[in-house]
Amino acid sequence: MNAYPAPGQPMYQPPMAAPMVRYGGFGRRLVAIIIDAIIIYIPVVLIASALGLGDANAEGGSVSVNLGGGGVLLNIAVSVLYDVILLTLLNGRTIGKVLLGVRVVGANGERITFGKALVRSLMKIVSIYVLFLGCLWVIWDGRKQGWHDKVASTLVVRR
């Protein structure tokens, strides 16, 4: 018996173990969303106030913000643009996700496309506006996917 393969045949390689995927959990994702929301909300309030779509008052040491319907729509539009552009350009990460060490990938671990980022971002709005149930789904799901991840076929993984 030969211990070596015939000439031109590759050496036997035992199968490698698949790398273990570490999903981004609910707490890490929540903090990342809060960071991104702060980054988005401050300029939106300033722009909405300048355009007459809302107002911000700072009196007596407290700040009150009132965004009208137009201000809310502006906030949604800026949020979607922020998500889609950064998820596409920063390899599945927003500023909050960079700081918390998570990123969004396709179901097979590939970089997400503009289309997937757009579908995910629009569905995230639905996930939030339905009593946050789509976002809370991450707690119970085995792969830590929210509704927006399921619809866009994405995963949030830790580095």
d(Leu100 CG, Arg28 CZ) to nearest 0.5 Å is 6.0 Å
Donor-acceptor pair, Arg93 side chain versus Leu90 backbone, under 3.5 Å? yes
Using the salt bridge (charged side-chain N to carboxylate O under 4.0 Å, His left out) rule, collect all pairs that involve residues 103-117, keeping only residues at least two apart or in two chains. none
Return each pair, listed once, that meets salt bridge (charged side-chain N to carboxylate O under 4.0 Å, His left out) where at least one residue sits in residues 41-52; pairs must be two or more places apart or across chains. none
With sequence neighbours left out, the residues meeting side chain to side chain contact (heavy atoms under 4.5 Å, CB included) with Arg22 are Met20, Arg158
Are Val45 and Leu73 connected, step by step, through hydrophobic side chains (Ile, Leu, Val, Met, Phe, Trp, Tyr) whose heavy atoms are closer than 4.5 Å? no
Quick one: salt bridge (charged side-chain N to carboxylate O under 4.0 Å, His left out) partners of Arg29, sequence neighbours excluded? Asp149
Of all the heavy-atom pairs spanning Ala48 and Gly71, show the shortest one and how long it is. CB-CA, 4.3 Å
Could you work out, with side chain to side chain contact (heavy atoms under 4.5 Å, CB included) as the rule, every residue matching Ile42, not counting sequence neighbours? Ile38, Leu46
For Tyr82, side chain to side chain donor-acceptor pair (under 3.5 Å) partners two or more places apart: Asp36
Heavy-atom nearest pair, Gln145 first then Trp137, reads O-CD1, 3.5 Å
Quick check on the hydrophobic clustering: are Ile139 and Ile34 connected, directly or via other members, by side-chain heavy-atom contacts under 4.5 Å? yes
Closest approach of Leu74 to Val44 (non-hydrogen atoms, all atoms of both residues): CD2-O, 4.0 Å
Hydrophobic cluster partners of Val104 (side-chain heavy atoms under 4.5 Å): Leu87, Val102, Ile112, Val156
Output the distance between atom CD1 (Ile76) and atom CD1 (Ile40), rounded to the nearest 0.5 Å. 11.5 Å
Could you pull out every donor-acceptor pair under 3.5 Å between side chains of residues 123-136 and any protein atom, sequence neighbours left out?
unit_1, atom_1, unit_2, atom_2, d
Lys124, NZ, Asp83, OD2, 2.8
Ser127, OG, Met123, O, 3.2
Ser127, OG, His148, ND1, 3.3

Below 3.5 Å, can you tabulate the donor-acceptor pairs from side chains in residues 51-67 to any protein atom, sequence neighbours excluded?
unit_1, atom_1, unit_2, atom_2, d
Asp55, OD2, Asn57, ND2, 3.4
Ser62, OG, Glu59, O, 3.2

Please list, chain by chain and in numerical order, all residues satisfying side chain to side chain contact (heavy atoms under 4.5 Å, CB included) with Leu99, sequence neighbours excluded. Ile35, Ile95
Can you name the residues that form a side chain to side chain contact (heavy atoms under 4.5 Å, CB included) with Val119, not counting sequence neighbours? Val151, Ala152
With clusters built from Ile, Leu, Val, Met, Phe, Trp and Tyr whose side-chain heavy atoms come within less than 4.5 Å, directly or transitively, what are the remaining members of the cluster of Val21, listed by chain and number? Tyr23, Val105, Leu155, Val157
